[in-house]
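Comments concern the structure below.
Reminder, nothing fancy here: chain letters follow the sequence lines and each chain counts from 1.
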Number of protein chains: 2
Amino acid sequence: MSKANVTAGERPYHHGDLQRAIVNAALEVLSETQSTEFSLRELARRAGVTHNAPYKHFADKRELLAAVSAVGFDLLAKRLTNAMQGQTSPRARLFAIARDYVRHGVENPALYRLMFGGYLTGPGDARPAIEIVAAEKTKALLADAIAQGALGRPLPKTPRNERKIAAGILIFWSLMHGLTLLLVDGLVGPSRKTDELSESVLQGMLEGLAKRISALPAGVWVGPREPAK
Amino acid sequence: MSKANVTAGERPYHHGDLQRAIVNAALEVLSETQSTEFSLRELARRAGVTHNAPYKHFADKRELLAAVSAVGFDLLAKRLTNAMQGQTSPRARLFAIARDYVRHGVENPALYRLMFGGYLTGPGDARPAIEIVAAEKTKALLADAIAQGALGRPLPKTPRNERKIAAGILIFWSLMHGLTLLLVDGLVGPSRKTDELSESVLQGMLEGLAKRISALPAGVWVGPREPAK
DNA sequence: CGCTTAAGTGGTCATTGTCAACATCGCCAA
DNA sequence: TTGGCGATGTTGACAATGACCACTTAAGCG
């Protein structure tokens, strides 16, 4: 096989972009099996290379998983940016973010768990740099929305407001992260109602639980499993 | 040896309560390595039995992990029940629950992840029964606290209120679950301020983000890593 | 043309999950 | 008492895996 040139494909080397091929294969397997316990060898098989080729690109299985996770963060950031585009008011943007955040998780459970899960829990080491960048991007989106008034009135990014904005981000993020994972774990549901759920949960939080609790949409259960079918 | 003596321990059979020994070993390794990627063989080694004695008690590694997870739920339920004891007002009980919930997670990261993580994500099968029971218990605690007025005014458990209570539980749980995991993942922190954090987050949510945002305690960062050290 | 070096190949090793065949013990029925 | 039975634990074996190694190939460059 001399060149084996694909249409526009860039394959400057033997296989051509094995790195990407491996990551893609991982994403495939991840969405098929919803588990990170695939073998590097299988990814190699899928990419049509020998069991060892991936090690030229990833020192470690961990490193490969980190790359996959980073892709997940990128997808999320793109998706959120996209979701905001159509919305005009800061409040609407906040809801759009919430909706698509939860969706992203529910639609890619294993990926979401990989992104936030503890595959690096052992050494307590630092997170891969790519992840940090992507997560920061997401955080910036939130900060903007809040500064522009997503929580009711604008909160310009003055040093004085900084901490309040951070508090808002933390609460919002906690809420959405928790809801997403509860849905992913099947602890609340059903998971096809994610849009209604994220909306009503966010709504309830914004108005303040102590004041009014907006009830859940019908047919939603809270708890480990549907109590009665 | 005729009848196993009860003095130093109950070992009515060969090893005696291997089941528990294995689970305990798993809990040990879990807290040492903070990872669920230990081998059944190592647990067997620790228990002083041969490599697949455990398989007489657990069909699967999955089944073993499920048992460990169930223990985690039990510990959590006990802890929450305990935390509530001292408190008099429903509101105080809610805060106590929040505090100890987050603590439980932060102090046992891997265990908490195991409890809610996706080691059973593959087949989408049902959760082990023991987990469900323990989780239901926790949920009942919350329902009581809310019914008694933890969110401001009492919400007696009438059919009419049922859905509102469920909504309250969901929001509260999502928030605490999310916060716990963000802390566990080191995405916010530092994690020694968990008490202040859970309190201020809960406070912020109760009062309603749209109304007043209570600022974060000082020295807390929101995001993937401490921005400047 | 020959050199350097990244990309891919094949082989190897300890470890792991799981299976099947045996051994051992308490218990119960004959 | 005895013999068997089932639960418990043991031994040996197997394929698959993560990781490492030395080797080969081919791209790019002077």
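The pair A/Arg79-A/Glu107 meets the salt-bridge criterion, with a side-chain N (NZ, NE, NH1 or NH2) lying under 4.0 Å from an Asp/Glu carboxylate O. Between A/Asp144 and A/Lys157 there is a salt bridge, with a side-chain nitrogen of the basic residue lying less than 4.0 Å from a carboxylate oxygen of the acidic one.
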Mind listing the N/O atom pairs, protein and nucleotides 15-17 of chain C, below 3.5 Å?
{"unit_1": "C/dT16", "atom_1": "OP1", "unit_2": "B/Ser39", "atom_2": "OG", "d": "3.1"}
{"unit_1": "C/dT16", "atom_1": "OP2", "unit_2": "B/Arg45", "atom_2": "NH2", "d": "2.8"}
{"unit_1": "C/dG17", "atom_1": "OP1", "unit_2": "B/Leu40", "atom_2": "N", "d": "3.3"}
{"unit_1": "C/dG17", "atom_1": "OP2", "unit_2": "B/Leu40", "atom_2": "N", "d": "3.1"}
{"unit_1": "C/dG17", "atom_1": "N7", "unit_2": "B/Arg41", "atom_2": "NH1", "d": "2.4"}
{"unit_1": "C/dG17", "atom_1": "O6", "unit_2": "B/Arg41", "atom_2": "NH1", "d": "3.1"}

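Taking only side-chain atoms of A/Lys56, from C-beta outward, the nucleotide of D/dG9, C/dA7, C/dC19 with the closest atom is C/dA7. With C/dC19, C/dG8, D/dG9 as the choices, the nucleotide that has an atom nearest any side-chain atom of B/Asn52 turns out to be C/dC19.
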ring-ring contact (aromatic ring centres under 6.0 Å, His included) between A/His104 and A/Phe73, worked out: CA-CA 10 Å; A/His104 175 77; A/Phe73 274 104; 8.7 Å; no

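Comparing the axis of the opening five pairs of the helix from C/dC1-D/dG30 to C/dA30-D/dT1 with that of the closing five pairs yields an angle of 10°, rounded to 10°.
Nucleotide C/dT18 holds its P atom 10 Å from the CZ atom of B/Arg62, rounded to whole Å. Atom CG of A/Leu65 and atom C1' of D/dG18 are 12 Å apart (whole Å).
In the interface, the side chain of A/His51 is paired with the base of C/dG11 through a donor and an acceptor atom under 3.5 Å apart.
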Considering only distance and modelled atom types, tabulate donor-acceptor pairs under 3.5 Å from the side chains of residues 53-60 of chain B, sequence neighbours left out.
{"unit_1": "B/Asp60", "atom_1": "OD1", "unit_2": "B/Arg62", "atom_2": "N", "d": "3.4"}

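Applying the side chain to side chain contact (heavy atoms under 4.5 Å, CB included) test between B/Leu111 and each of B/Leu27, B/Thr36, B/Val71 identifies B/Leu27 as the sole match.
Residues B/Phe172 and B/Leu202 meet the side-chain proximity criterion, which asks for heavy atoms closer than 4.5 Å. Looking at B/Gln34 and B/Ser31, their side chains come closer than 4.5 Å, going by heavy atoms from C-beta outward.
Other residues, nucleotides and ligands contribute at most 12 non-hydrogen atoms within 6.0 Å of the CD atom of B/Glu162.
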